[in-house]
Amino acid sequence: MRTLVMLCALVLGAVLQAVFPTWAWLGHAHAPILMGVVLYYALAHSMGATLAAAIVGGLLQDALGMIPLGYSSFCFCLVALLAGKFRDIVFVHERVTHVLFGALAGGGVTLLLYILLGKDGLVALRPGWAALKTGGSVLLGAVLVPFEFELLGAVDRMLGNLESRGI
């Protein structure tokens, strides 16, 4: 049941991320919805479930964004491992944690993805535009990730899927 809930959350997240509008004043940054699902699993579930969510979520993001497969999965796995390292020293059920992690992960994934893609010559952004897009991802991550935590936490509580740590 946990795997099915995770897959449904990732597929729904991919659809929402694909249809969520982008704005020029945010650098046309896409809403980091899949990254929010990965963060939720990093703070609320086992490391195995977290890495599975990171890999599948990254593959979905790459497929939707026409990015070579694996780039987003690498970034998501890195974010998931870092968040997992800190989950024992933060208040995982507090909204301020969700805002902070969402903002840092949103900006970090966007920046790392553009560094990796730029290194391989797959994308070329002016530094000002890359900074605007990273800032937009920070803002969108801070705003959207707490809502994702609330929704996914409610679904997990309703289905009895949460382990010892509650969100």
Side-chain angles (χ1 to χ4, degrees), residues 3 5-23 26-87 90 92-118 123 125 130-156 167:
T3 305
V5 171
M6 178 180 65
L7 287 174
C8 287
L10 288 168
V11 169
L12 181 61
V15 170
L16 290 174
Q17 185 167 310
V19 300
F20 200 86
T22 62
W23 296 282
L26 292 176
H28 289 287
H30 290 280
I33 295 172
L34 286 168
M35 188 264 324
V37 174
V38 171
L39 272 179
Y40 171 78
Y41 275 87
L43 293 178
H45 290 277
S46 68
M47 190 53 67
T50 299
L51 291 177
I55 291 168
V56 173
L59 290 174
L60 286 169
Q61 179 166 301
D62 289 343
L64 289 172
M66 298 188 317
I67 299 170
L69 294 179
Y71 281 79
S72 294
S73 292
F74 172 75
C75 295
F76 284 179
C77 284
L78 193 60
V79 164
L81 291 171
L82 284 171
K85 284 225 178 260
F86 289 103
R87 75 177 176 180
V90 297
V92 296
H93 59 283
E94 294 294 328
R95 188 155 304 175
V96 68
T97 302
H98 307 159
V99 169
L100 183 64
F101 275 49
L104 292 174
V109 165
T110 299
L111 189 60
L112 181 59
L113 196 54
Y114 275 101
I115 289 170
L116 292 174
L117 291 170
V123 70
L125 280 180
L132 185 62
K133 189 173 196 100
T134 301
S137 294
V138 167
L139 181 63
L140 287 171
V143 170
L144 295 175
V145 168
F147 291 110
E148 291 180 70
F149 269 78
E150 288 296 321
L151 180 65
L152 291 170
V155 169
D156 270 348
I167 297 292

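Computed from a predicted model, the values in this text were never measured in an experiment.
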Which pair of non-hydrogen atoms, one from [X] and one from [Y], has the smallest distance, and what is that distance?
X    : Y    : result
G107 : T134 : O-CG2, 3.6 Å
A105 : V79  : CB-CG1, 3.7 Å
P146 : R95  : CB-CG, 4.2 Å
F20  : A31  : CD2-CB, 3.5 Å
C77  : I55  : SG-CG1, 3.8 Å
L34  : G57  : CD1-O, 3.6 Å

Measure the [atom1]-[atom2] distance between [X] and [Y] for me, rounded to the nearest 0.5 Å.
X    : Y    : atom1 : atom2 : value
L12  : L7   : CG    : CG    : 12.5 Å
F86  : L104 : CZ    : CG    : 9.5 Å
L39  : L43  : CG    : CG    : 6.5 Å
D156 : L151 : CG    : CG    : 10.0 Å
L16  : I33  : CG    : CD1   : 5.0 Å
Q17  : Q61  : CD    : CD    : 4.5 Å

Q. Has the side chain of R87 got a donor or acceptor atom that lies under 3.5 Å from a matching backbone atom of A42?
A. yes
Q. Would you say D62's side chain and S72's backbone share a donor-acceptor pair under 3.5 angstrom?
A.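 Answer holds: yes.
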Evaluate the side-chain proximity of [Y] to [X]: yes if any heavy-atom separation is below 4.5 Å, no if none is.
X    : Y    : value
H30  : T22  : yes
V145 : E148 : yes
F74  : L113 : no

Q: Applying side chain to side chain contact (heavy atoms under 4.5 Å, CB included), name anything that partners L26, two or more places apart in sequence or on another chain.
A: W23, L139, L140
**Q.** Aromatic ring pairing F149/H98, orientation class (parallel under 30°, perpendicular over 60°, tilted between)
**A.**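 Judged by the thresholds at 30° and 60°, the geometry between F149 and H98 is parallel.
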Q) Under the side-chain contact (heavy atoms from CB on, under 4.5 Å) criterion, do L81 and M47 qualify, and how do the steps go? A) CA-CA 8 Å; L81 291 171; M47 190 53 67; 3.9 Å; yes
Q.
Applying the side-chain contact (heavy atoms from CB on, under 4.5 Å) criterion to F76, which one of V56, L51, T50, V109 satisfies it?
A.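 Single side-chain contact (heavy atoms from CB on, under 4.5 Å) partner of F76 among V56, L51, T50, V109: V109.
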**Q.** Residues in side chain to side chain donor-acceptor pair (under 3.5 Å) contact with T110, at least two apart in sequence or another chain
**A.** S137
(Q) Holding to ring pair (Phe, Tyr, Trp, His ring centres under 6.0 Å), I want the full list of residues that pass it with Y41, two or more places apart in sequence or in another chain. (A)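 Y41 satisfies ring pair (Phe, Tyr, Trp, His ring centres under 6.0 Å) with H45 once adjacent residues are dropped.
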